[in-house]
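What follows is a set of notes on a single structure, which appears directly below.
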Protein chains: 2
Amino acid sequence: MQGREDNQDREERKKEGINQKRKTPKLRDKQGLTEEEFLAAYQPGDYVRPSVATDMVIFTITEQEEKNYRKLSEKNLSVLLIERGIHPYLNCWALPGGFICPNETAEQAARRELQEETGLSHVYMEQLYTFTDPKRDPRTWVMSCSYMALIDCRKVRLQAGDDAANVQWFHASYRLLNERKEYHHTEDGRGIKEIILIQEYELLLSPDKIEHPALDSLMLDTTKQDKLILRAILQKTITKTEEMESVEYQLLENYGLAFDHAKIIAYAIERLRRKVEYTGLALHLMPTEFTLTQLQQAYEVILGKTLLKPAFRRKISELVEETEHYTEKEGHRPSRLFRRKWEKQI
Amino acid sequence: MQGREDNQDREERKKEGINQKRKTPKLRDKQGLTEEEFLAAYQPGDYVRPSVATDMVIFTITEQEEKNYRKLSEKNLSVLLIERGIHPYLNCWALPGGFICPNETAEQAARRELQEETGLSHVYMEQLYTFTDPKRDPRTWVMSCSYMALIDCRKVRLQAGDDAANVQWFHASYRLLNERKEYHHTEDGRGIKEIILIQEYELLLSPDKIEHPALDSLMLDTTKQDKLILRAILQKTITKTEEMESVEYQLLENYGLAFDHAKIIAYAIERLRRKVEYTGLALHLMPTEFTLTQLQQAYEVILGKTLLKPAFRRKISELVEETEHYTEKEGHRPSRLFRRKWEKQI
DNA sequence: ATAATAGTGTCTCTGAGACAATATACT
DNA sequence: AGTATATTGTCTCAGAGACACTATTAT
């Protein structure tokens with residue numbers, strides 16, 4: 001029953017509370033109850049509560065096979081999506097996720113989901129944002145506590161979930177299409193009251209070519225696959241006044257993506273781009289041993305711009321350490337393999 | 001009733017969904033239903049849902065009166081707390097906050113709460129983190145979607161809430177007491193499997209001296225006030241392995257603060273310290289016109305260290321602009337007043 | 001006059017940006 | 001041999017840190 005919890009759970013809560021040293025337990029409230037008595041008598045109110053789900057934006061770097069044996073393969077920033085087998089948004093693609101159970105934290109729920117979908121458990125993960133628009137789910141009131149995970153897709157065996165839906169990496173492209181500014185002047189016309197910056201971003205998600213053996217079993221129809229491009233237009237409105245500033249996202253168009261997941265993905269990409277600049281976040285996308293050029297390519301696909309090699313190497317030099325291994329059979333000079341210098345970074 | 005919603009709400013949801021261009025509505029699922037039919041027949045499941053509240057960490061800069069007329073007043077970073085008049089945590093101090101209603105977003109709920117408590121509506125606010133430990137509230141399953149707000153306390157008329165509890169600014173001090181590292185080696189003893197960094201932080205909250213006229217009406221007993229110092233010891237555990245890293249907070253001691261609010265405040269202070277370094281966030285704590293020294297003091301109390309004047313002025317020069325006003329009767333050379341250059345920062 | 005802060009000048013050092021030059025395996 | 005990438009070197013310029021010096025008011 002909604003809001004009802006078993007006695008064991010109640011007992012545990014009480015212990016938790018009492019274990020924290022505090023003065024409250026002996027105090028009596030206006031009804032003359034101690035905290036212990038209050039909690040024993042407590043009945044959760046019968047008002048409406050939201051469902052709370054976690055949605056995960058799982059990033060990885062995928063690569064496309066090159067025809068020229070000498071050239072390096074082109075890299076992409078990719079996101080894992082699942083095709084929905086049920087209403088609402090039937091046959092649309094959605095982020096992996098699920099409802100949070102009463103005995104777990106949101107992070108535990110997210111890790112459980114990640115494990116089910118990819119088989120991975122020890123990966124980098126961080127909480128992104130909690131989306132609470134009451135109309136974001138057409139069924140009922142559902143909040144989404146979103147997470148971002150960074151993984152190396154080579155470690156993954158993709159598994160279609162119980163609901164027999166497809167799972168697929170989608171190459172993500174997120175770019176600014178246009179922007180405009182509005183200046184709202186004060187009544188006397190002498191100052192500025194408010195500035196609004198309106199930007200339109202395009203989010204494109206196209207299925208990655210299947211090169212991984214584990215994906216063959218999914219038997220996706222390749223001809224159909226080429227036409228499948230998910231597309232969303234997001235309007236980002238930044239409002240500034242002297243006192244405050246606020247950012248708001250709106251979905252102007254949305255083709256093939258479920259719920260507000262285009263918003264969540266856009267938010268994740270923005271966060272990733274920002275954090276990559278000042279942390280070693282991108283290293284979580286790499287295999288154990290990698291070349292510096294591979295790492296630079298990862299940075300480049302995330303930031304959407306090319307970087308100068310010497311500057312890049314200087315910047316990340318404290319984050320990596322040399323191994324004694326080199327690449328082989330690459331059609332050009334072999335390059336040294338590096339690994340994460342994770343021990344030092346604490 | 002739990003999970004039940006009225007028809008009007010159902011209608012609105014349906015429209016929202018349909019307004020988004022998508023292919024789903026015509027599709028039929030395995031039961032042969034279109035999305036419209038599915039939603040019309042949809043009954044929310046009768047499983048347990050969490051309550052979701054917002055908690056707000058409202059920061060401001062308060063100042064203590066100096067005896068020496070020449071010296072500048074000492075500044076503090078302060079947080080607004082409310083004394084609880086009911087169980088649980090009766091007579092403990094808590095962050096302002098409340099439950100989210102089904103017709104509003106978390107941010108709207110937070111702004112509503114801020115308005116009730118301080119009378120302010122247009123202030124800087126950002127979502128912090130969603131705390132989901134199922135045992136964080138001894139009553140029942142309650143998640144907290146936390147927000148941080150930055151305000152100028154001179155604009156505030158503090159109002160005791162309906163539950164007749166006290167409202168008070170608390171000077172916040174948050175500092176590292178000690179840290180230790182543990183290295184867990186691999187079985188063969190040749191490498192490192194895991195590094196754990198354990199830090200203990202002390203969070204102290206002491207009531208600010210009442211200097212604001214609006215606070216006089218609260219008639220706090222000053223002798224009692226001096227003894228009232230809230231104190232929490234937080235243990236921050238950072239676990240690193242080659243693949244992942246995770247951060248966990250634990251409350252080792254907690255005197256006088258309700259729930260896990262010490263964790264939320266600590267998280268907010270850490271976020272504020274980080275963001276102040278690379279944004280103009282601190283400007284939201286200032287009055288409309290301020291001296292550069294005042295602004296520097298705000299930075300200093302947030303970061304907990306002194307800054308060099310010329311370097312500081314260079315760094316924030318793009319964020320502020322001159323006015324024609326000067327301070328007066330200060331016992332030393334008057335200083336120019338500046339204001340936020342908010343129009344340019346977009 | 002003096003205490004205390006306001007405001008500016010400048011020297012040094014570091015780090016990022018930009019371009020150049022050399023090295024090397026694989027077909 | 002030729003190609004494409006690997007790797008290192010260095011010049012310049014901007015910005016942060018550090019210290020010093022001058023200016024100005026109320027008591």
Side-chain angles (χ1 to χ4, degrees), chain A residues 63-75 276-280 282 286 289-301 303-339, chain B residues 63-75 276-280 282 286 289-301 303-339:
Chain A
E63 44 190 303
Q64 286 171 9
E65 216 53 65
E66 266 304 324
K67 38 267 147 224
N68 184 337
Y69 76 97
R70 285 198 142 124
K71 285 216 167 176
L72 291 173
S73 61
E74 206 177 291
K75 305 294 191 298
V276 147
E277 301 254 32
Y278 66 96
T279 66
M286 309 306 293
E289 300 199 335
F290 50 86
T291 69
L292 293 186
T293 304
Q294 277 172 25
L295 182 58
Q296 183 170 345
Q297 286 177 322
Y299 273 78
E300 287 176 343
V301 297
L303 296 172
K305 65 182 179 193
T306 58
L307 304 171
L308 289 166
K309 202 191 302 225
F312 175 76
R313 291 184 176 219
R314 265 190 310 234
K315 204 166 95 176
I316 52 97
S317 60
E318 315 107 29
L319 308 180
V320 296
E321 63 187 2
E322 292 184 350
T323 70
E324 293 309 311
H325 306 153
Y326 289 83
T327 56
E328 282 174 9
K329 309 212 203 323
E330 287 282 3
H332 48 77
R333 175 173 169 181
S335 60
R336 189 186 276 277
L337 291 167
F338 287 76
R339 70 165 151 259
Chain B
E63 44 190 305
Q64 287 171 9
E65 215 54 66
E66 265 308 321
K67 39 269 149 223
N68 183 337
Y69 77 99
R70 283 196 143 125
K71 285 214 167 178
L72 290 173
S73 62
E74 206 176 291
K75 304 295 191 299
V276 146
E277 301 254 32
Y278 66 97
T279 66
M286 308 307 292
E289 300 199 336
F290 50 86
T291 70
L292 293 187
T293 304
Q294 277 171 25
L295 182 58
Q296 183 170 344
Q297 286 177 321
Y299 272 78
E300 287 176 342
V301 297
L303 295 173
K305 65 182 181 193
T306 58
L307 304 171
L308 289 166
K309 200 191 314 217
F312 176 75
R313 292 184 175 217
R314 266 191 308 236
K315 203 166 94 174
I316 53 95
S317 61
E318 316 106 30
L319 308 180
V320 296
E321 64 187 3
E322 293 183 350
T323 70
E324 293 308 311
H325 307 151
Y326 289 84
T327 56
E328 281 174 11
K329 308 214 201 328
E330 287 282 1
H332 49 76
R333 176 173 169 180
S335 62
R336 189 186 276 276
L337 292 166
F338 287 75
R339 71 165 151 259

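Quick caveat, the model's predicted, so the values are computed rather than measured.
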May I have the distance from [X] (atom [atom1]) to [N] (atom [atom2]), rounded to whole angstrom?
X: Phe290(A); N: dT5(D); atom1: CZ; atom2: P; answer: 20 Å
X: Leu308(A); N: dT8(D); atom1: CG; atom2: C1'; answer: 15 Å
X: Lys329(A); N: dT5(D); atom1: NZ; atom2: P; answer: 19 Å
X: Lys309(B); N: dA20(D); atom1: NZ; atom2: C1'; answer: 13 Å
X: Arg314(B); N: dG17(D); atom1: CZ; atom2: C1'; answer: 8 Å
X: Asn68(A); N: dA4(D); atom1: CG; atom2: P; answer: 6 Å
X: Glu328(B); N: dT24(D); atom1: CD; atom2: P; answer: 16 Å
X: Glu322(A); N: dT7(D); atom1: CD; atom2: P; answer: 9 Å

Look at all strands and tell whether [X] reaches a base, only sugar-phosphate, or nothing, counting heavy atoms closer than 4.0 Å.
X: Thr291(B); result: nothing
X: Lys71(B); result: sugar-phosphate
X: Leu72(A); result: sugar-phosphate
X: Glu330(A); result: sugar-phosphate

**Request:** Return the 5'-most residue of the pair Gln294(B), His332(A) with respect to DNA chain C, ranking by each residue's nearest nucleotide.
**Result:**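 The answer here is Gln294(B).
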**Prompt:** Pick the nucleotide of DNA chain C nearest each of Lys315(A) and Leu337(B); which residue has the one closer to the 5' end?
**Reply:**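 Of the two residues, Leu337(B) wins.
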**Request:** Kindly point out which of dT5(D), dT8(D), dA23(D) is positioned nearest to the side chain of Arg333(B)?
**Result:**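 My answer, after comparing the listed nucleotides, is dA23(D).
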**Message:** Walk me through whether Thr293(B) and Arg313(B) qualify under side chain to side chain contact (heavy atoms under 4.5 Å, CB included).
**Reply:** CA-CA 9 Å; Thr293(B) 304; Arg313(B) 292 184 175 217; 3.7 Å; yes
**Request:** Please tell me which of Pro310(A) and Pro334(A) maps to the more 5' nucleotide of DNA chain D, matching each residue to the nucleotide holding its nearest heavy atom.
**Result:**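 Its nearest nucleotide lies further toward 5', so the answer is Pro334(A).
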**Message:** Taking the nucleotide of DNA chain D with the nearest heavy atom to each, does Tyr69(B) or Ala311(B) sit closer to the 5' end?
**Reply:**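 Its nucleotide being nearer the 5' end, the pick is Ala311(B).
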**Prompt:** Do Phe338(A) and Phe290(A) have ring centres separated by under 6.0 Å?
**Reply:**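 No.
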**Message:** I'd like the 5' and 3' limits of the part of DNA chain C contacted by chain A, with heavy-atom contacts below 4.0 Å.
**Reply:**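 Counting from the 5' end, contacts occupy dA16(C) to dT27(C).
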**Request:** Verify side chain to side chain contact (heavy atoms under 4.5 Å, CB included) between Leu295(B) and Met286(B), making sure each step is shown before the conclusion.
**Result:** CA-CA 7 Å; Leu295(B) 182 58; Met286(B) 308 307 292; 3.8 Å; yes
**Asked** Any chance the side chains of Ser317(A) and Lys315(A) put a donor and an acceptor closer than 3.5 Å?
**Response**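 No, because no side-chain N or O of Ser317(A) sits under 3.5 Å from a partner of the opposite role on Lys315(A).
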**Asked** Using 30° and 60° as the class limits, which term best fits the ring planes of Tyr278(A) and Tyr278(B): parallel, tilted or perpendicular?
**Response**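 The rings of Tyr278(A) and Tyr278(B) sit tilted, inter-plane angle from 30° to 60°.
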**Message:** Quick check: closest heavy atoms across Tyr69(B) and Gly331(B), and the distance to 0.1 Å?
**Reply:**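 What the structure gives for the nearest pair is CE1-CA, 3.9 Å.
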**Request:** Walk me through it: do Glu300(B) and Lys305(B) pass the test salt bridge (charged side-chain N to carboxylate O under 4.0 Å, His left out)?
**Result:** CA-CA 5 Å; Glu300(B) 287 176 342; Lys305(B) 65 182 181 193; over 6 Å; no
